[in-house]
Amino acid sequence: MLIVALEGPSYAGKSTAIRHLRGTSLGDRAFVSDCYVHHIDHRDDVPPSRTGSAAAQLAAFEKFMGIEANRVTKATEAGMPLVVLDRSVDTLLAHAHAVDALFGYGVHRQLRHRLQALPFLRPDHTLYLDVPAEVLHLRRKAAGHAAAESDYFLHEPGFLNHARDYFVRTVRRPVARELTVLPAHTSPEDVVQAVESLVSYWAR
């Protein structure tokens, strides 16, 4: 079973690429899982992206890892040769790395240790959509979100930079076995082609 994850900041195009993949022949041969927040029925139950304490960050991790355990079960039951994830456990670790750097919570190492005791899907290969902040802001605005970017924590410069560093600069080695950085102009069709290339490579 090949596990491929799509990573990148909010509004990088991960979910759009996933929707496109679902409509291709590749989607027919894959177990595809949406982002963690789409597995939570009520919006009010989604942990805040800007947690107020180390304890809140740890609690958010546990909630999302409950969803991850369900992903493991469903992927195993599906028995498909390919698993495609919209975000992986590396998202949770990148978030912890960022809030540690911003607020001094010091939880990243704890989460790394806790992860070893929990079921999770370890990506064989992660495709990181590296989209700059100005493009993310335009996409968010085009999606109808008029609130100031300062009110959207996931697009705050500090958070974006630290979360990106986790993947691109590998200041904390990602869980994924391999990682490819894709540029901002990568289209959904390009992402599907990249996944197809990985399937062909791993089938050798």
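All values below were derived from every heavy atom in this structure, side-chain atoms included, with hydrogens, water molecules and symmetry-related copies excluded.
- Linking Ile, Leu, Val, Met, Phe, Trp and Tyr whenever their side-chain heavy atoms come within less than 4.5 Å puts Y128 and L136 in one cluster.
- A donor-acceptor contact shorter than 3.5 Å links the side chain of Y36 to the backbone of V89.
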Query raised in the report: Checking side-chain contact (heavy atoms from CB on, under 4.5 Å) for the pair T186/L127: CA distance, chi angles, key distance, verdict?
Result: CA-CA 11 Å; T186 303; L127 300 173; over 6 Å; no
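- Partners of R122 under the salt bridge (Lys or Arg N to Asp or Glu O under 4.0 Å) rule, at least two apart in sequence or in another chain, do not exist in this structure.
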Requested in this report: Please lay out, stage by stage, how R112 and V175 fare under the test side-chain contact (heavy atoms from CB on, under 4.5 Å).
Outcome: CA-CA 9 Å; R112 284 269 184 178; V175 170; 4.0 Å; yes
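- Using cut-offs of 30° and 60° for the angle between ring planes, the Y166 and H97 rings count as tilted.
- Two residues are said to be in side-chain contact when any heavy atoms from C-beta on lie closer than 4.5 Å; V181 and L179 meet this criterion.
- Just one residue in the list R19, K74, K14, R22 forms a salt bridge (Lys or Arg N to Asp or Glu O under 4.0 Å) with D34, and that residue is R22.
- Figure legend: cation-pi geometry between R140 and Y152, with NZ or CZ positioned under 6.0 Å from the six-membered ring centre and within 45° of its axis.
- When every heavy atom of A17 is checked against every heavy atom of P188, the shortest pair comes out as CA-CB, 4.1 Å.
- With hydrogens and angles disregarded, a donor-acceptor distance shorter than 3.5 Å links the side chain of D90 to the backbone of A176.
- In this structure, V99 and F153 have side chains that are in contact, with non-hydrogen atoms separated by less than 4.5 Å.
- Put simply, the side chain of H95 reaches to within 4.5 Å of the side chain of S49, judged on heavy atoms.
- Every side-chain contact (heavy atoms from CB on, under 4.5 Å) that A184 has, sequence neighbours left out, goes to V131, P132.
- Scanning all heavy atoms of the two residues, the minimum distance from H162 to L102 falls at CD2-CD2, 3.8 Å.
- Minimum heavy-atom separation, A163 to A98: N-CB, 4.0 Å.
- Taking CG of L129 as the reference point, atom OG1 of T16 lies at 10.0 Å (rounded to 0.5 Å).
- In this structure the side chain of R87 reaches within 4.5 angstrom of the side chain of E7, judged on heavy atoms.
- Looking at heavy atoms from C-beta onward, V191 lies out of side-chain contact with L21 at the 4.5 angstrom threshold.
- A 4.5 Å side-chain heavy-atom check between L58 and E62 finds every atom pair outside the cut-off.
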Requested in this report: Output, in order, the C-alpha distance, side-chain angles, deciding distance and verdict of side-chain contact (heavy atoms from CB on, under 4.5 Å) for E196 and L26.
Outcome: CA-CA 7 Å; E196 289 176 337; L26 188 63; 3.7 Å; yes
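- Classification of the F103-Y105 ring pair by plane angle, with boundaries at 30° and 60°, yields tilted.
- The two residues M65 and P119 make their nearest non-hydrogen contact at CE-O, 3.7 Å.
- You'll find the side chain of V107 stays beyond 4.5 Å of the side chain of F61, heavy atoms only.
- Salt bridge annotation for E68-R71: present, with a cationic side-chain nitrogen under 4.0 angstrom from a carboxylate oxygen.
- Considering only residues two or more places apart in sequence or on other chains, D190 meets the side chain to side chain donor-acceptor pair (under 3.5 Å) condition with S187.
- Looking only at distances, a side-chain donor or acceptor of H155 sits under 3.5 Å from a matching main-chain atom of S10.
- Here the side chains of F64 and I40 are in contact, with some heavy-atom distance below 4.5 Å.
- Cluster membership check: V83 does not share its hydrophobic cluster with I18, using side-chain heavy-atom separations under 4.5 Å among Ile, Leu, Val, Met, Phe, Trp and Tyr.
- Between the side chain of R139 and the backbone N or O of Y11 there is at least one donor-acceptor pair closer than 3.5 Å.
- Of the possible donor and acceptor atoms, one in the side chain of D100 sits under 3.5 Å from a partner among the backbone N and O of G106.
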